[in-house]
Amino acid sequence: MKELLETIAKGLVENKDAVEVTVDASNEEGVVVYHLHVAQEDMGRIIGKQGRIAKAIRAVMRAGASRVDQKIAVEIE
């Protein structure tokens, strides 16, 4: 799942070296939180107009997680 998020993000940003994904251990509800870090100048590309790209990234990640019986959340920082 981490590689999927990195691949999606690197396809959207200009500064591909600044893309970093960290993963937290699952919390009491069993949700694993993925933190996506990108360069400040690429934040607009990841979030998109009215957050549409961010919503799409989260939807793809949830769909991928459901295939492996996981619950995830994506935080963009």
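- In this structure, the side chains of V32 and K71 stay at 4.5 Å or more apart for every pair of heavy atoms.
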Step by step, work out the side-chain contact (heavy atoms from CB on, under 4.5 Å) result for V19 and L36. CA-CA 7 Å; V19 173; L36 174 61; 4.1 Å; yes
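- Among residue pairs with one or both ends in residues 2-20, those qualifying as side-chain hydrogen bond (donor to acceptor under 3.5 Å, both in side chains) are E14-R45; sequence neighbours excluded.
- The distance from the CD atom of E75 to the OH atom of Y34 is 13.5 Å, given to the nearest 0.5 Å.
- The structure places OG of S26 at 13.0 Å from CD1 of I72, a figure rounded to the nearest 0.5 Å.
- Hydrophobic clustering (ILVMFWY, side-chain heavy atoms < 4.5 Å, transitive): V74 and V31 are in distinct clusters.
- In terms of hydrophobic clustering, with Ile, Leu, Val, Met, Phe, Trp and Tyr side chains grouped at heavy-atom distances under 4.5 Å, V33 and V60 are assigned to different clusters.
- In this structure, CD1 in I47 is found 12.0 Å from CG in L12, a value given to the nearest 0.5 Å.
- Inter-residue side-chain proximity for H37 and I76 is flagged as unmet; no heavy-atom pair is nearer than 4.5 Å.
- Expressed to the nearest 0.5 Å, how far CD1 of I8 lies from CD1 of I53 amounts to 11.5 Å.
- With sequence neighbours left out, H35 forms a side-chain hydrogen bond (donor to acceptor under 3.5 Å, both in side chains) with D24, E77.
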